[in-house]
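Here's the structure we're looking at; comments come further down.
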Amino acid sequence: MGKFIRITASPPLYVRSKLLCFSLLYFFTTLSLFLYVSLSRNQCVFRYSPFDPIQTNIFSYPSSYGEHKYALPTHRSSCSSPVFFSDGYLMFLFGHYYWTVLNEIQSICSDSSSSEKLRYINGNSETFGGNFSTQKRFSYFNHSDNDVEVPCGFFRDFPKNRIINYGCLYYYYYIYITILSMHFRSEMEKCGLVVASAIFNDHDKIRQPVGLGVKTLETVCFYMFIDDKTLNSLFHHNVIPKNNPRDYRVGVWRIIKISKSENLYLNPAMNGVIPKYLIHRLFPNSQFSIWIDAKIQLMIDPLLLIHSLVVVPDVDMAISKHPFFVNTMEEAMATARWNKWGDIDGLRMQMETYCEHGLKPWNSHKMPYPTDVPDSALILRKHGIRSDLFSCCMFNELEAFNPRDQLAFAFVRDHVNPMVKMNMFEVEVFEQIVVEYRHNLKKIETSSYEEQEEEQKQKSLRIIQKKRRWLDYGSWSLNGSSCKSYLMEMWDDHH
């Protein structure tokens with residue numbers, strides 16, 4: 001008898017191969033995502049992949065606190081100058097970018113002996129910054145010999161509170177700054193990445209950063225330094241329980257309450273300049289730092305910001321361009337016009353001093369710097385001789401004149417040697433990585449809204465004549481002014 005051979009239809013090979021099917025699915029999914037990112041390059045590429053390890057629900061505020069009230073609108077929903085990640089879109093899309101950045105920053109932090117450090121003048125003085133003369137301050141701009149010590153604050157004591165070590169990377173969110181004691185100096189010397197800010201007189205809200213990776217809280221610290229008035233507001237809104245034994249925490253931040261000190265400045269804004277421009281002295285072994293004004297909320301993990309805006313372009317400092325002004329004098333006039341600093345004569349003296357010593361309007365010869373005026377609400381730094389020298393010289397100028405740092409920025413930047421490598425990124429990038437809020441509204445219980453409005457109007461009328469002497473084209477006599485050539489060139493360009 002013959003054998004019966006059973007023939008059955010089998011599925012094609014491409015169907016039977018599960019591995020091939022998965023590979024094809026992976027390929028087409030990857031291709032689609034890649035094309036999506038490539039074709040949407042008008043967006044700032046600080047978006048997150050659905051595969052990114054993002055933490056959510058960090059802290060819930062009481063409804064009365066209003067941490068998200070009065071957010072300022074942005075006028076740029078997209079940007080034409082995107083910030084691209086350097087390690088490839090596919091790695092970014094599938095969540096590998098965060099881990100790569102984490103490992104790279106940790107490696108840089110662990111190698112703290114690779115960069116040279118400035119040497120600083122020590123001693124005592126009547127002020128925290130030393131109150132140096134104009135010629136003395138300017139003499140330190142050219143730093144060709146690293147054996148020469150430079151003035152950089154700390155001519156009076158600056159105590160600090162205890163800092164707990166959480167690893168190589170630190171995220172310090174200073175909400176009020178005061179004096180640092182040497183007892184805990186060793187703890188602060190362990191910081192590898194520092195983020196700082198300051199709040200005075202309950203002027204802003206404490207806001208949680210958004211977009212932190214799952215390992216960020218294990219490798220960075222969050223500290224908020226506040227004053228008594230800010231602490232009382234937190235008590236009032238039940239953000240912090242009053243029976244807590246001084247171990248205050250709000251979400252990711254540990255809160256440190258600092259009392260006022262006679263060793264600092266009467267002007268609280270000048271006290272905020274200390275962590276803003278002397279952060280490399282507060283944390284002498286930090287490799288990177290981020291300053292963030294308390295009026296803005298960080299929307300991107302600080303590790304990704306440092307990597308994309310500082311490490312990848314290989315710069316000493318990253319800061320946003322100003323949204324409106326290009327020339328320092330424009331900012332100075334706006335400062336006077338909008339009463340951002342009341343000492344009009346002092347503003348004019350500052351500008352005359354800078355013009356006398358070589359301040360020029362911005363022009364193409366100043367490239368690669370695209371503007372003379374930054375938005376200093378967010379400053380990212382890689383610490384080294386160049387960025388630290390710039391910060392020290394900036395602080396000395398701010399103490400000499402006023403804490404309006406945009407006025408001294410271009411003069412210091414253009415005169416320091418060695419020249420600081422700076423990434424002045426577009427405003428549209430800034431608006432993608434932070435959310436800006438209004439300051440807290442002041443409560444005046446003794447007058448109605450109409451009375452407050454009339455009082456403000458009368459106050460404006462009292463100072464307008466004084467401002468006109470300096471602000472108007474015709475009323476400022478250019479004869480004998482050090483800024484004559486500056487103004488003529490600026491006005492000629494505008495016309």
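Note: hydrogens, waters and symmetry copies are ignored here, and every other heavy atom, side chains too, is used.
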Next on the checklist: Quick one, Ser233 with Asp202, criterion side-chain hydrogen bond (donor to acceptor under 3.5 Å, both in side chains). Give me CA distance, side-chain angles, the key distance, then yes/no.
Outcome noted: CA-CA 7 Å; Ser233 176; Asp202 192 34; 3.2 Å; yes
Item to check | Asn363 vs Glu489, side chain to side chain contact (heavy atoms under 4.5 Å, CB included): CA-CA, chis, key distance, verdict | outcome: CA-CA 10 Å; Asn363 56 57; Glu489 182 179 346; 3.9 Å; yes
Item to check | Where Pro403 and Ala269 come nearest, the two heavy atoms and their spacing | outcome: CG-CB, 4.0 Å
Checklist entry - Step by step, would you call Ser320 with Glu426 a side-chain hydrogen bond (donor to acceptor under 3.5 Å, both in side chains)? => result CA-CA 6 Å; Ser320 172; Glu426 298 293 333; over 6 Å; no
Next on the checklist: Evaluate Phe425 against Phe430 for ring pair (Phe, Tyr, Trp, His ring centres under 6.0 Å), listing each step before the verdict.
Outcome noted: CA-CA 8 Å; Phe425 53 87; Phe430 174 83; 7.1 Å; no
Checklist entry - Step by step, would you call Thr335 with Leu347 a side chain to side chain contact (heavy atoms under 4.5 Å, CB included)? => result CA-CA 9 Å; Thr335 298; Leu347 288 174; 4.0 Å; yes
Checklist entry - Is it true that the NZ or CZ of Arg381 lies under 6.0 Å from the centre of Phe288's six-membered ring and within 45 degrees of the ring axis? => result no
Checklist entry - Okay, side chain of Glu356, backbone of Ser482: is any donor-acceptor separation there less than 3.5 Å? => result no
Next on the checklist: If I compare all heavy atoms of Lys117 with all of Pro284, which pair ends up nearest, and what's the gap?
Outcome noted: NZ-O, 3.5 Å
Next on the checklist: What I'd like to find out is whether the side chain of Phe155 reaches to under 4.5 Å of the side chain of Asn131, using heavy atoms alone.
Outcome noted: no
Checklist entry - Would you call Lys382-Asp314 a salt bridge at under 4.0 Å N-O? => result yes
Checklist entry - Can you check side-chain hydrogen bond (donor to acceptor under 3.5 Å, both in side chains) on Asn327 and Asp372, steps first, answer last? => result CA-CA 5 Å; Asn327 294 303; Asp372 278 353; over 6 Å; no
Checklist entry - Are the side chain of Gln297 and the backbone N or O of Val435 linked by a donor-acceptor pair below 3.5 Å? => result no
Checklist outcome for this item: Applying disulfide bond (SG atoms under 2.5 Å apart) to Cys392 and not counting sequence neighbours gives Cys152
Item to check | Candidate pair Thr353 and Thr134, rule side chain to side chain contact (heavy atoms under 4.5 Å, CB included), full reasoning | outcome: CA-CA 9 Å; Thr353 300; Thr134 299; 3.9 Å; yes
Item to check | Flag, side chain of Asn271 to backbone of Tyr265, donor-acceptor distance under 3.5 Å | outcome: yes
Checklist entry - Is Lys205 reaching over with its side chain to a backbone N or O of Tyr65, donor-acceptor style, under 3.5 angstrom? => result yes
Next on the checklist: As a quick check of understanding, evaluate side chain to side chain contact (heavy atoms under 4.5 Å, CB included) for Met349 and Asp343, giving each step before the final call.
Outcome noted: CA-CA 10 Å; Met349 180 185 299; Asp343 185 3; over 6 Å; no
Next on the checklist: Using ring centroids (six-membered ring only for Trp), state whether Phe395 and Phe390 fall under 6.0 Å.
Outcome noted: no
Checklist entry - Under a 4.5 Å cut-off applied to non-hydrogen side-chain atoms, are His280 and Ser289 in contact? => result no
Next on the checklist: Testing the basics here: between Val250 and Gln208, what is the closest heavy-atom pair and its distance to 0.1 Å?
Outcome noted: O-NE2, 3.1 Å
Checklist entry - In terms of ring plane angle, is the pair Tyr354 and Phe138 parallel, tilted or perpendicular, where the classes change at 30° and 60°? => result tilted
Item to check | Side-chain donor-acceptor contact under 3.5 Å, Tyr277 with Ser376 | outcome: no
Next on the checklist: Run the salt bridge (charged side-chain N to carboxylate O under 4.0 Å, His left out) test against Asp414 and tell me which residues pass, sequence neighbours left out.
Outcome noted: Lys366
Item to check | Aromatic ring proximity, centroids under 6.0 angstrom, His383 and Phe283 | outcome: no
Checklist entry - Taking all atoms of both residues into account, what is the closest heavy-atom pair of Arg119 and Asn146, and its distance? => result CD-O, 3.5 Å
Checklist entry - Does the side chain of Arg137 reach to within under 4.5 Å of the side chain of Cys393, using non-hydrogen atoms? => result no
Checklist entry - What are the two closest heavy atoms between Gly129 and Glu399, and how far apart are they? => result N-OE2, 2.8 Å
Item to check | Tyr486 and Ser481: CA distance, side-chain angles, deciding distance, side-chain hydrogen bond (donor to acceptor under 3.5 Å, both in side chains) verdict | outcome: CA-CA 10 Å; Tyr486 184 110; Ser481 172; over 6 Å; no
Checklist entry - Does a side-chain heavy-atom distance below 4.5 Å link Asp293 with Leu378? => result no
Next on the checklist: On the six-membered ring of Phe409, is Arg404 placed so that its NZ or CZ lies under 6.0 angstrom from the centre and within 45° of the ring axis?
Outcome noted: no
Checklist entry - Any side-chain heavy atom of Leu398 sitting closer than 4.5 Å to one from Met270? => result yes
Item to check | Distance (rounded to the nearest 0.5 Å) between Ile105 CD1 and Leu102 CG | outcome: 9.0 Å
Next on the checklist: To the closest 0.5 Å, what do you measure between CD1 (Ile306) and CD (Glu104)?
Outcome noted: 12.0 Å
Next on the checklist: Given 3.5 Å as the limit, does a donor-acceptor pair link the side chain of Glu330 with the main chain of Val326, or not?
Outcome noted: yes
Checklist outcome for this item: When rounded to the nearest 0.5 Å, the distance separating CD1 of Ile433 from CG of Leu298 is 7.5 Å
Checklist entry - Would you say Trp362's side chain and Tyr369's backbone share a donor-acceptor pair under 3.5 angstrom? => result yes
Checklist entry - Taking atom OG of Ser286 and atom CZ of Arg281, what is their separation to the nearest 0.5 Å? => result 12.5 Å
Checklist outcome for this item: All heavy atoms of Gly272 vs all of Ala198, minimum pair found to be CA-CB, 4.3 Å
Checklist entry - Side-chain contact, heavy-atom cut-off 4.5 Å: His203 with Asn440? => result no
Next on the checklist: Does the plane of the ring in His357 sit parallel, tilted or perpendicular to the ring in Phe411? Use 30° and 60° as the thresholds.
Outcome noted: perpendicular
Checklist entry - Is the shortest heavy-atom distance from the side chain of Gln350 to the side chain of Trp341 under 4.5 Å? => result no
Checklist entry - With a 4.5 Å heavy-atom cut-off, do Lys276 and Asp405 have their side chains touching? => result yes
